[in-house]
2 protein chains.
Amino acid sequence: MTQSKVDPRILRTRKLIMDAFIELSEKKEFKDITVKDITAEAMINRATFYYHFEDIYDLLDKSLSEVLLVNLNCDTYQNSELNEEVLISVFKVITNFQRSLSNRCHRGYEDTIARIIREQLEFIFYKMLLKQRPADDEQALKLTAVMLSWGIYGASVEWRRKGDEVQPETFIKSAVPYIISGIDSNSKING
Amino acid sequence: MTQSKVDPRILRTRKLIMDAFIELSEKKEFKDITVKDITAEAMINRATFYYHFEDIYDLLDKSLSEVLLVNLNCDTYQNSELNEEVLISVFKVITNFQRSLSNRCHRGYEDTIARIIREQLEFIFYKMLLKQRPADDEQALKLTAVMLSWGIYGASVEWRRKGDEVQPETFIKSAVPYIISGIDSNSKING
DNA sequence: GCTGATTTGTTGTTTATCCAACACATTTAA
DNA sequence: TTAAATGTGTTGGATAAACAACAAATCAGC
């Protein structure tokens, strides 16, 4: 999966940069953070930053992806079934993640964040579907993953719009059965 | 004072190593910590460790020196007088420092730790005396600093021996006037 | 004792990082 | 508007760190 031979300096430096970015994000808004701030906090040269990232938006992208991936604990999900329990669990992770982000004041970058969340969801949903139904058409599974990711993300937006009145778990539970029945029991498609 | 041109990589790596060492010291005893453990925690190569430190004892030495120096807030002391207030303050720092060390289980290295503490005390006392009495003989001031450092350290040993019954402040206050009167008012020596 | 495994230091070569420039864009204040 | 200051992104040459391989010391169990 991941390259086994990657220079430790690269891993260390990426970690230093990302940690510095997370640290700064808790103090300032994203728009007020400069590359210089980050490299100073990370104790690395500014040129080194550009060796690893295109620009600060690329860093935002990759940092959030990684944090989310860790939260989603990808290995766990990839080895379990895409059932009601998992969908509820994923929804809870997403709502938690967005709550932690809003504390860190990334206003104005909702689109980027939304894209990152959807991409990650799509990625793990697709992996799970592939394992669950290896015989099915890949394009169909891919599209299913896309729709599920948009659906889950949309639900989280709706949940926030309602002002966090109910628990994420109870909120998503009302809709999940409709989704699951399409995935779980209606298995005669392409079968 | 310090070199103005030192490669940032050196500072960063030293910090990574020392932080890793402090981190590990909170989990294991010193005797159970290997160079490999430290370099793994610090995310650096083992060879790099030997580029910066002679061995693990050298690291212990330099780490404790630095931590103590930060605690003593050297700049502050160097710009103030060597009076009763300062001596009490220094004594409190030392007792606090030793308490934090005993939590970290460095048993068997009391001698090394004692030496480090005395060397640091001697260093700042000498600097203060030099400023306070620039006209006096340097060797005499140096010896005074040596005796003061041993005295303060010995007092901390005695304080621990009594089982932390009294506050460090009240403990040292009983003896300080005798010390101070020799430094402060009896200024006709060499004068 | 012995054997295998682990740790300790060392060395030559490769590579990621540093640095000092540089041109260009953006902001700030006069 | 202009000028000074600050931030962005790039480059070539210098250097610290990584790596692999090594001998030697230390420690474990037999």
Side-chain angles (χ1 to χ4, degrees), chain A residues 2-64 66 105-109 112, chain B residues 2-64 66 105-109 112:
Chain A
T2 45
Q3 308 276 12
S4 58
K5 277 295 173 195
V6 50
D7 194 307
R9 280 174 283 189
I10 291 182
L11 297 175
R12 170 159 49 72
T13 300
R14 291 220 173 112
K15 180 171 159 46
L16 285 171
I17 292 175
M18 288 186 178
D19 286 352
F21 177 57
I22 301 287
E23 180 71 21
L24 286 174
S25 294
E26 288 165 8
K27 296 182 207 155
K28 311 185 189 187
E29 291 204 32
F30 177 75
K31 71 174 175 53
D32 295 327
I33 297 176
T34 69
V35 174
K36 215 178 165 190
D37 292 337
I38 294 167
T39 56
E41 174 83 23
M43 298 180 79
I44 58 132
N45 193 277
R46 205 164 49 82
T48 307
F49 176 92
Y50 292 103
Y51 181 90
H52 293 279
F53 301 96
E54 294 242 332
D55 50 32
I56 205 169
Y57 302 99
D58 185 35
L59 171 63
L60 173 67
D61 193 326
K62 288 178 175 152
S63 294
L64 290 187
E66 191 163 301
C105 293
H106 283 278
R107 265 166 298 177
Y109 294 91
T112 305
Chain B
T2 46
Q3 308 276 12
S4 58
K5 278 295 173 192
V6 50
D7 196 307
R9 280 174 284 187
I10 291 183
L11 297 176
R12 170 158 51 72
T13 301
R14 291 220 173 110
K15 180 171 159 47
L16 285 172
I17 292 175
M18 287 186 177
D19 287 351
F21 177 58
I22 301 287
E23 180 71 21
L24 286 175
S25 294
E26 288 164 9
K27 297 182 208 155
K28 312 185 189 186
E29 290 204 31
F30 178 75
K31 70 175 174 55
D32 295 327
I33 298 175
T34 69
V35 174
K36 215 178 167 191
D37 293 337
I38 294 168
T39 56
E41 174 83 23
M43 297 181 78
I44 59 132
N45 192 278
R46 205 165 49 82
T48 307
F49 176 91
Y50 293 103
Y51 182 90
H52 293 280
F53 301 96
E54 294 245 331
D55 50 32
I56 205 167
Y57 303 99
D58 186 34
L59 171 63
L60 173 67
D61 193 325
K62 287 177 177 153
S63 295
L64 290 187
E66 191 163 302
C105 294
H106 284 279
R107 265 167 299 176
Y109 294 90
T112 305

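Letters go in sequence order (proteins before strands), and every chain restarts at 1.
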- Query: Does A/Arg9 reach the side chain of B/Met43, with side-chain heavy atoms less than 4.5 Å apart?
  - Reply: no
- Round to the nearest Å and state the distance from B/Lys36 atom NZ to D/dT26 atom C1'. 15 Å
- Item | Residue A/Glu41 excluded, over 12 heavy atoms near CD under 6.0 Å | yes
- Query: Can you check whether A/Ser25 reaches A/Ile33 side chain to side chain, under 4.5 Å on heavy atoms?
  - Reply: yes
- Item | B/Thr48 side chain near B/Thr39 side chain, heavy-atom distance below 4.5 Å | no
- Can you tell me the distance, in whole Å, between the NZ atom of A/Lys31 and the P atom of D/dG7? 14 Å
- Message: Return a single string for nucleotides 10-22 of chain D, one symbol per nucleotide in 5' to 3' order, where B is base contact, S is sugar-phosphate-only contact and - is none, cutoff 4.0 angstrom on heavy atoms.
- Response: BB---BBBSBS--
- For B/Lys15, salt bridge (Lys or Arg N to Asp or Glu O under 4.0 Å) partners two or more places apart: B/Asp19
- Task: Taking the side chain as every heavy atom from C-beta outward, state whether B/Phe49 and B/Thr13 have any pair of such atoms under 4.5 Å apart.
- Result: no
- Any donor-acceptor N or O pair under 3.5 Å, side chains A/Thr34, A/Asp37: yes
- Boundaries of the DNA chain C segment in contact with chain B, non-hydrogen, under 4.0 Å: C/dT7 to C/dA20
- Where do B/Ile38 and B/Ala20 come nearest, in terms of heavy atoms and distance? O-CB, 3.7 Å
